[in-house]
Amino acid sequence: MSAALERPPALVAAAPYLVVEQVSKRFGTFQALDHVSLAVEPGEFVSFLGPSGCGKTTLLRAIAGLDPPSSGRIAQGGRDITHLPPGRRDFGIVFQSYALFPNLSVTANIGYGLRGRAWPRRRREERVAELLALVGLAEHAAKYPAQLSGGQQQRVALARALASEPGLLLLDEPLSALDAIVRQHLRGEIRALQRRLGVTTVMVTHDQEEAMSVSDRVVVMSRGRIEQVGTPEAIYRQPASAFVAGFVGRSSHVSATVEAPPGLLLVEGLRLPCAAARPLLYGTPVEAFIRPEDVRLGGAATALPGAFDAEVTHGEFLGPVCRLSLEASLPSGRRWRLEADAPPELARAAPGTVLPVAFPAERVMVFPADA
Amino acid sequence: MREAPLRAGLWLALALLGIGLVLPLGTVLLRAFEDAEGGFAGLANILAYARTPALRLAAWNSLWTAALTTLLTVPLAFLYAYGLTRACLPARPAFRAVMLLPVLAPSLLPALALITLFGNQGLLRGMLGGGSLYGPVGIVAAQVFYCFPHAAIILSVALGMADARLYEAAAALRAGRWRVFWTVTLPGARYGLVSATTVVFTLVVTDFGIPKVIGGQFPVLATDVYKQVVGLQNFNMGAVVGLVLLLPAVGGFLLDRWAEGQRSATLSGRAVAYQPRPRPARDVPLLLLCLLVAGFLLGIVGVACWSSLIRFWPWNLSLTLDNYDFARFDAAGWGTVWTSVRMAAWVALIGTPLAFGTAWLLERGAPGGLLSSVLRFVAGLPLAVPGLVLGLGTILFFNHPANPLGFLYGTLGLLVLNSLVHFYTVPHLAAVTAIRQLDPEFEAVGASLRVPALLTFARVTVPICLPAILDIAVYFFVNAMTTVSAVIFLYGPETKPASIAVVHMDEAGQASAAAAMACAILGVTVAVKLAQLAMAGVVERATQGWRAR
């Protein structure tokens with residue numbers, strides 16, 4: 001009660017459903033979370049994305065109360081839950097392993113949390129039947145988890161987590177134990193279900209395609225910190241840091257310095273036009289990134305300023321596009337490896353072919369290099 | 001806050017292990033440095049020990065008989081286990097059952113059977129060529145019988161976990177059979193071999209029953225402790241000998257722990273189980289060997305049973321059940337068997353929930369903290385403490401005039417506590433292994449669904465682990481039923497267990513009655529084991545249906 005009375009005015013005004021404030025977590029000398037702050041709106045689907053060890057699972061477990069944070073504050077629905085045990089919070093969780101109880105039937109698993117006075121027998125049975133229909137497993141109700149496929153087990157875990165209508169759904173790598181096709185199918189289903197129920201959802205994943213395809217917003221994390229929070233498009237098109245640019249999507253990377261005329265980069269003697277470098281000071285060391293689909297090759301390249309030659313080393317057929325690996329000789333003598341999506345007429349370029357290459361100035365992403 | 005009642009369970013376990021193990025052991029340590037009047041004696045007792053040639057001789061005797069037994073038992077057990085796991089033998093379940101038979105018998109049984117055959121009035125005494133059975137010959141022979149299953153169980157587990165892919169890879173690389181054996185099979189089983197060696201060595205050094213019955217005038221450490229304490233009432237010297245006895249046990253324990261740690265990573269989850277194919281050149285010799293060993297094991301038990309039915313050894317070989325009328329030899333009669341059954345039942349009834357519950361609390365319910373670390377360590381300790389040392393410590397601790405728990409001395413309660421603590425480690429480790437196989441997120445899921453951890457424990461953890469729990473209960477029961485070494489210091493006039501009655505009857509020269517009593521114990525343990533097998537079927541149907549696909 002007192003927590004509700006003391007909630008800060010800022011929280012009431014913005015009314016986000018889940019607020020993480022300055023949360024840190026240490027395991028011995030290892031800083032798993034370093035002053036992380038985040039707000040999730042009601043009904044929003046947010047993914048934590050990052051390489052293993054970035055702290056995304058630690059943050060999820062802190063929100064669930066399984067590993068309370070060392071410092072900081074977490075509030076859900078305006079209530080401070082930082083130090084509440086998991087049993088007194090309001091969330092459902094699906095683990096990577098699903099953690100289905102192997103000795104209980106599908107029905108018993110889904111109804112596991114529906115107990116006490118609030119759930120008399122009739123009501124519980126109705127609710128379980130409703131959930132079974134919701135996840136499309138009505139005919140498997142009496143089976144044990146081991147008799148189901150991976151995708152079906154996943155749905156049971158989801159139904160169990162949603163059974164008592166929690167305000168918050170937590171998904172810890174829910175799809176990574178499944179094969180590629182089931183995975184794509186299920187992530188669509190999870191998203192549709194989440195939209196229908198309007199439950200605020202936080203998902204942890206290391207699969208960027210998964211994060212981008214289902215989330216309203218993606219939280220990119222690295223080494224215990226949040227690198228960027230944004231819509232999938234924003235983190236792809238306007239990455240906030242060199243880490244995000246390198247981690248999300250494919251890109252070719254090079255170290256450069258800002259040249260004297262505004263809007264130019266110098267890469268070991270090679271000059272590249274770059275719109276984003278305009279506001280930067282001359283001589284600033286930067287990291288530059290370009291996505292393969294933004295690289296222009298052949299005729300389209302010679303029309304652009306700053307075109308240079310590169311040799312095809314090999315081609316990779318990906319179905320809709322053919323991605324070429326190229327090597328450019330920099331004036332310094334070093335070889336620079338690039339990736340570019342080839343237009344149809346260049347898709348069969350043989351290794352050894354030399355092609356003109358250019359980057360559209362507004363597509364080159366630059367970030368000041370770390371000291 | 002919700003963990004508080006769960007942590008109370010940990011405190012209870014720690015209290016029991018503290019009273020039953022840590023404090024008695026501490027008492028032994030203290031008494032080794034005290035003089036007869038209770039003053040501080042420094043190293044005087046230990047120096048006195050080192051200066052007594054008879055006592056030094058006992059230590060040497062213990063070491064070399066243990067080494068010889070190990071040298072005989074481990075290769076034999078390896079071949080037997082190899083036959084069971086890597087060859088195509090007929091009737092493998094029967095061979096496995098026979099292998100386990102000695103575990104169910106008190107260690108005195110093989111000694112009594114050997115005396116029947118080769119003793120002073122033995123049928124086959126001539127085969128010893130004038131040598132005497134009483135001494136190293138009898139000790140080593142009986143110990144091989146007694147230790148064989150312990151080594152064979154460890155080795156068949158080690159050999160049973162073979163990865164077929166390694167054998168296919170070796171075959172694809174055109175390695176010969178011997179090369180495969182030396183480079184794949186043996187390295188795969190090497191930690192099992194270390195484990196089996198240390199277990200056998202420690203069992204022999206610390207066993208009391210066999211040297212007591214068949215050792216004759218041949219002194220070993222275990223009988224020395226008994227002699228110092230019961231014969232000479234020299235508790236302080238008994239404590240010193242106890243400490244000496246503790247050394248090989250602790251050494252073996254540490255070595256085994258090391259091997260256990262090394263073994264963990266040898267088999268990955270993706271391994272493909274090895275299936276042997278028939279090959280007569282390997283199968284026939286192994287079958288003959290297994291038949292020989294099984295014949296030896298069954299023969300010993302058979303001789304013991306037979307001698308228990310003999311009217312008057314060796315003059316009247318007609319059969320009778322008179323030897324089972326125990327009241328003729330011991331005032332308590334069948335009461336001693338009844339005492340043992342009650343004691344073993346209590347040990348199983350209290351020990352099983354205690355060991356499993358504690359293991360669950362340590363792993364899942366209320367893990368972490370200093371209390372957990374201390375308890376984990378103490379739970380592993382009993383394996384390194386010989387029963388005689390534990391028994392001696394218990395008598396010294398509970399008999400101390402200042403101990404408010406002194407009223408327990410001589411009661412069934414103390415026997416139960418002592419056996420519970422003595423055999424605690426193996427059930428604890430078995431429970432930990434069973435619980436670790438469960439998904440680590442069960443409790444977290446339960447908590448997120450607002451189901452208390454204890455309910456998830458009762459609805460999920462216990463039903464899944466029921467076969468392991470049954471194993472633990474039977475382990476406690478069988479060991480409490482057959483133990484001699486710890487309880488020999490602790491029983492009271494009203495609470496003499498059957499295994500002690502065997503020792504007393506043998507001392508009194510009533511060999512046939514002693515054999516009958518040993519067979520009665522064996523009968524109870526075999527019945528319990530059979531009941532477990534029957535119940536396992538029921539339990540399987542009731543709680544393990546989910547395992548079927």
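We name chains A, B, ... by the order of the sequence lines, and we start the count at 1 in each one.
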Residue part contacting chain B, namely of [X], when any heavy atom lies under 4.5 Å:
{"X": "A:I93", "value": "both"}
{"X": "A:D90", "value": "both"}
{"X": "A:L100", "value": "backbone"}
{"X": "A:R115", "value": "side chain"}
{"X": "A:S97", "value": "both"}
{"X": "A:R160", "value": "both"}

What are the two closest non-hydrogen atoms of [X] and [Y], and how far apart are they?
{"X": "A:N103", "Y": "B:R459", "value": "ND2-O, 3.0 Å"}
{"X": "B:G446", "Y": "A:Y112", "value": "CA-CE2, 4.4 Å"}
{"X": "B:A444", "Y": "A:F95", "value": "CB-CZ, 3.6 Å"}

Can you find a pair of side-chain heavy atoms, one from A:F101 and one from B:D439, that are under 4.5 Å apart?
no

Any A:S164 side-chain heavy atom under 4.5 Å of B:R450 side chain:
yes

Atom CG of B:L530: over 12 foreign heavy atoms under 6.0 Å
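More than 12 heavy atoms, drawn from other residues, nucleotides or ligands, come within 6.0 Å of this atom.
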
In terms of heavy-atom pairs under 4.5 Å with chain A, which of B:L438, B:V460, B:T461 leads?
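Option with the greatest count: B:V460.
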
Working to the nearest 0.5 angstrom, can you tell me the gap between A:L170 CG and B:S448 OG?
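Rounded to the nearest 0.5 Å, the CG-OG separation comes to 8.5 Å.
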
